[in-house]
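Quick caveat: nothing in here was measured; it's all calculated off a predicted structure. Just the heavy atoms: all of them, side chains too, but no hydrogens, waters or symmetry mates, feed the values below. Each chain gets a letter, A, B and so on, in the order the sequences are listed, and its residues count up from 1.
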Amino acid sequence: MFYNHSMSSPAHSSEESDILQPLTPSQREAVKHIEGSLLILAGPGSGKTRVITHRIAYMLNQGVSAHHILALTFTNKAADEMKLRLERLAPRQSVWVGTFHRFCAKLLRQHADLVGLQENYTIYDSQDSRRALKQSLDDANIDFTHTSIDSIASAISWAKNELMTPDEYRPRPGSVMGGIVDRVYPEYQRHLQRSNAVDFDDLLLYVAVMLKENDELRRILDERYQYVMVDEYQDTNAAQYTIARVLSHDNPNLAVAGDPDQSIYGWRGANLNNILDFEHDFPKVQVVRLEQNYRSTPNILRVADHLIAYNVKRKEKSLFTDRPEGEPVKLVAYPTSKDEADGIVAYIAEQVESGRRNLRDFAIFYRINALSRAVEAALRVFNIPYQIVKGLEFYQRKEIKDILAYLHLVNNPACDVALRRIINTPPRKIGKKTIERLNDHALRYGLTLLDAAREVDLIEAMSKPAKSALKKFVEIYDELRESAIAPLADVMRDVLDKTGYHNWLMYSDAPEDQDRLANIEELLTGAEEFDEQYNGDGGLEEFLEQTSLVSDTDDWEADTDRVTLMTLHAAKGLEFPVVFIMAVEQGLLPHERSSEDAEQEEEERRLLFVGITRAEEELQLSYSRYRTFRGRRRDAIPSPFLMELPREQMHIVECERSFEDNAWDDDWSDEPDVKFSSDEQIEQVELTTVPFDDWEVDQPFQQRFPAHVFRCGVSVEHPVYGGGSIIELRGSARNRSVVVRFFNDGIERTFRLSHAPLIPIASAE
DNA sequence: ATTCGCAAAGTTTTT
DNA sequence: CTTTGCGAAT
């Protein structure tokens, strides 16, 4: 045995046979390779996550201490999945599994002083950092009329991902953007330091720099994390690469898993070369290829394979499967984008109504979020429940950000972005001019805005009413701060109460403010759950860190019976029996902004590849001839990628328009024919909507009730199903939906509040 | 100081 | 089309 058992493991993991038995030979090879570098090239659906979790279990079984294992992922979703599976294989083992960002955040808390921060630092989300950046530009009097905050922000982000600190940054000579970044980057970084704050990129950058410059710390952590594993290695950027690398120097047991063909985050600094060059970068690399696919039919795999073969930058890989042939992949041309949405939804409705499939079997993917609208509308017409995976829905809402800003400020008094956000929310007669004067003072004496407010009497330019308003604010703040160690939910209630925020919304006559209250209620519920989890033991900092690092892809519930809508990016790592990929059109996929260079085009191709390989049994790609986008109708051109598919093996469908309701004023007889080749068999199909008797509901009334009346226990009336009672609330704002159990049949049904014909009857209270 | 309204802009993907 | 931001009026 290679391992000493000085750290005996407290819990029992599975027997070795349980761990290895369910694996194929190549999977087993990967699992059993523990010492030294390991590269797992894992094709889609090849059981990568299974290999990683079984490998951890195997290590534990062999006597490696859980304490010495570190598993890094990119998304919370992936981390959660891994934890879940590991818990099953090796219960109650404290292996550290989590995202790079979370890992770095933790590390940075412990060693904040090494990079000039305090341990209670705040993590700015992209909106916060955008504000900080704008402030920096203003403070430094930098003119940026010829470019946008966005592009400056991404230039800085790029520099950080390349591990360039402000003094290492060298602009390209003659570049306007370079010049601006050169000036504002140091200012922005000073701003963050002053605020005791970091942005997302800093989490990685600081840790990478810290480990590079402090060899003692590096050695300690290298020793601590002897077995580092990185999932989705093809998506690592320079900072992540460095972190993984320096932690595997003295204990060179780095194991990475990934698939170059699924690298889709190049725009975020991911460097495909990290995985392509892994064998050269690390000593004695064992390479294991997982090429057998357990997910998709041969028909689907062939399409994927054909497409990805057009990429140059890759490692050849042959995918195979022993699954049955299955249905041919469909490629459908629709007349308009509305027909496309209707056609997809009608098919789903028919399949579900005939009992062949459940709603949860279906997923619809698109390149950009904006494309979801058309499908959503169609789904609503059919009254089909769906869930849409959209980044940051909940935590982006104004009221949520406001409350969190108060908490951030309580946790970190230096957090200027938070202060600016809430100093006059609710209104306290502290206007632009006042804040400007405050800022001037703060800049002059190097103070935080809060400290500047504390000495407001010293600011001569400040008017008397402004002074007293500021003093009042500081008073409120100090009060909040006193109770900061209470359970989180109490702190939050304190904020709502003492700042007047709750009453402000409560007595507001704007109707949407009632919805806001409901959202805040939901946040409070979250806080209570958090308290339960941590036994009410403080943890404000922990809570804030968690909320800063979520990206609501995690919100996606696999177990509810609904159609799933998401972007192709969000789809990575998931699988569905039936997949639709819509709007496979020139300009959208590949996206027009990726058309500049070949590398970007390859990434777009990989994106489609990822989408295709999510499908288990059925796959449909589609495009339409006219697409209504940005408010008007435009011609659409099929994506060139469609020419790269094995069309002779596919089912090509040409849909004729069959809706006569909306105006069709264009004369499109002279439109160019977009057929691909003459020898193709093109099936002409009539597009029909399937009447959905049971579900389709007349909505003669559009009576809207304020969202907050729909609460658990409230009785409601539905025109078709009759009376029922609300047993669960889900989602927020537009996605707010209720689960109703009906009295007649006892069946639970889910409705979106925004369009469901539900009438509240009486409260059970 | 606040609020309202209009104009403009800008629309990729996300930790 | 939607959202954001800015400038004017109250």
Side-chain angles (χ1 to χ4, degrees), chain A residues 72-79 98-105 123-127 129-131 134 148-151 153-154 157 160-161 198-205 232 235-237 239-240 263-270 365-374 377 389-393 395-396 398 423-436 463 465-466 469 508-510 545-554 566-572 583 587-595 600 603-604 606-608 610-611 627-634 734:
Chain A
L72 295 170
T73 65
F74 280 80
T75 62
N76 297 309
K77 194 173 63 183
T99 64
F100 264 104
H101 285 85
R102 244 179 236 286
F103 175 69
C104 291
I123 302 169
Y124 281 176
D125 67 20
S126 19
Q127 199 188 341
S129 16
R130 201 93 50 81
R131 286 180 187 209
K134 176 130 198 295
S148 67
I149 298 275
D150 258 7
S151 30
S154 67
S157 173
K160 287 185 173 181
N161 286 330
V198 302
D199 62 23
F200 285 140
D201 303 315
D202 283 339
L203 289 171
L204 304 175
L205 174 72
E232 306 284 12
D235 288 329
T236 45
N237 61 30
Q240 289 157 330
S263 162
I264 54 176
Y265 287 107
W267 50 273
R268 207 168 88 185
F365 302 153
Y366 33 79
R367 181 56 176 63
I368 59 174
N369 273 314
L371 289 172
S372 71
R373 288 178 182 286
V389 178
K390 214 185 241 163
L392 299 168
E393 272 269 286
Y395 290 101
Q396 288 294 40
K398 178 188 180 328
I423 192 167
N424 200 33
T425 314
R428 301 189 177 91
K429 306 215 177 296
I430 300 172
K432 218 166 67 185
K433 206 88 207 158
T434 306
I435 297 174
E436 206 177 291
S463 75
S508 146
D509 31 8
E545 182 177 308
Q546 280 188 25
T547 52
S548 300
L549 294 176
V550 293
S551 85
D552 293 27
T553 315
D554 337 327
M566 62 172 94
T567 64
L568 286 163
H569 281 89
K572 188 157 78 163
L588 283 168
L589 185 63
H591 193 272
E592 55 191 346
R593 280 170 64 165
S594 320
S595 56
Q600 286 183 36
E603 179 151 319
E604 296 285 305
R606 290 194 290 267
L607 200 46
L608 182 54
V610 166
R627 179 160 302 279
T628 310
F629 193 57
R630 280 162 84 173
R632 64 206 167 111
R633 185 154 65 201
R634 323 191 66 165
R734 234 172 292 112

(message) Over all strands shown, is A:Phe629 touching base, sugar-phosphate only, or nothing at heavy-atom distances under 4.0 angstrom?
(response) nothing
(message) Suppose we screen for side-chain contact (heavy atoms from CB on, under 4.5 Å). Which residues come up paired with A:Ser463, at least two apart in sequence or across chains?
(response) A:Pro465, A:Ala466
(message) Taking only the P atom of each, what is the distance from B:dT12 to C:dG5 in whole angstrom?
(response) 15 Å
(message) Tell me whether A:Arg268 forms a cation-pi arrangement with A:Tyr265, defined as NZ or CZ under 6.0 Å from the six-membered ring centre and within 45 degrees of its axis.
(response) yes
Give me, pair by pair, the N or O atoms of the protein and of nucleotides 5-10 of chain C that are less than 3.5 Å apart, along with how far apart they are.
none

(message) Would you say A:Ser148 places a side-chain N or O within less than 4.0 Å of OP1 or OP2 belonging to B:dG10?
(response) no
(request) Send over the distance from A:Asp201 CG to B:dT14 P, rounded to a whole Å. (result) 16 Å
(request) Just compare B:dT12, B:dA1, B:dT2 and give me whichever is closest to any side-chain atom of A:Arg367. (result) B:dT12
(message) Within the 4.0 Å heavy-atom criterion, would you say A:Asn424 contacts the bases, only the backbone, or no part of the nucleic acid?
(response) sugar-phosphate
(message) Please determine whether any donor N or O and acceptor N or O are separated by less than 3.5 Å between the side chain of A:Trp267 and the base of B:dT12.
(response) no
(request) Kindly determine whether A:Tyr366 and A:Leu568 satisfy side chain to side chain contact (heavy atoms under 4.5 Å, CB included), including the steps that lead there. (result) CA-CA 6 Å; A:Tyr366 33 79; A:Leu568 286 163; over 6 Å; no
(message) Treating A:Arg130 as the side-chain partner and A:Asp150 as the backbone partner, does any N or O pair qualify as donor plus acceptor under 3.5 Å?
(response) no
(request) Nearest whole angstrom, please: distance from the C1' of B:dT12 to the CZ of A:Phe365. (result) 17 Å
(request) Hey, which sits more toward the 5' end of DNA chain B by its nearest nucleotide, A:Thr567 or A:Lys429? (result) A:Lys429
(request) Please report, rounded to the nearest Å, how far the P atom of B:dG10 is from the CZ atom of A:Arg130. (result) 12 Å
(message) Tell me if a side-chain donor or acceptor on A:Glu604 pairs with a main-chain N or O of A:His591 at a distance below 3.5 Å.
(response) yes
(message) By the 4.0 Å heavy-atom rule, please label A:Thr628 as base, sugar-phosphate, or nothing.
(response) nothing
(request) Send over the distance from A:Glu592 CD to B:dT11 C1', rounded to a whole Å. (result) 10 Å
(request) Determine the contact category for A:Arg428: base if any of its heavy atoms lies under 4.0 Å from a base atom, sugar-phosphate if only primed atoms, P, OP1 or OP2 are that close, otherwise nothing. (result) sugar-phosphate
(message) Can you measure A:Tyr366 atom OH to B:dT12 atom P for me and round it to whole angstrom units?
(response) 15 Å
(request) Evaluate the criterion side chain to side chain contact (heavy atoms under 4.5 Å, CB included) for residue pair A:Asn424 and A:Thr434; output intermediate values, then yes/no. (result) CA-CA 11 Å; A:Asn424 200 33; A:Thr434 306; over 6 Å; no
(request) Provide, to the nearest angstrom, the distance between the CD1 atom belonging to A:Ile149 and the C1' atom belonging to C:dT4. (result) 13 Å
(message) Using the rule side chain to side chain donor-acceptor pair (under 3.5 Å), only one of A:Arg102, A:His101, A:Gln546 pairs with A:Asn76; which is it?
(response) A:Arg102
(request) Under 4.0 Å between any heavy atoms, over every strand shown, what does A:Phe74 touch: base, sugar-phosphate, or nothing? Just pick one. (result) sugar-phosphate
(request) Side chain of A:Glu604 only, please: which of B:dA1, B:dT11, B:dT12 is the nearest? (result) B:dT12
(request) Rounded off to whole Å, could you give me the CG-to-C1' distance for the A:Leu204 and B:dT14 pair? (result) 13 Å
(message) Checking A:Tyr124 now: which residues fulfil ring pair (Phe, Tyr, Trp, His ring centres under 6.0 Å) with it, not counting sequence neighbours?
(response) none
(message) Determine whether the aromatic ring of A:His591 stacks with the base of B:dT12, defined as ring centroids separated by less than 5.5 Å and ring planes inclined by less than 30°.
(response) yes
(request) May I ask you to verify if any side-chain N or O of A:Asn369 is less than 4.0 angstrom from the OP1 or OP2 atom of B:dT12? (result) no
(message) From CD1 of A:Ile423 over to P of B:dA1, roughly how many Å is that when rounded to an integer?
(response) 12 Å
(request) Would you indicate which nucleotide in B:dT13, B:dT14, B:dT2 comes nearest to any side-chain atom of A:Arg268? (result) B:dT14
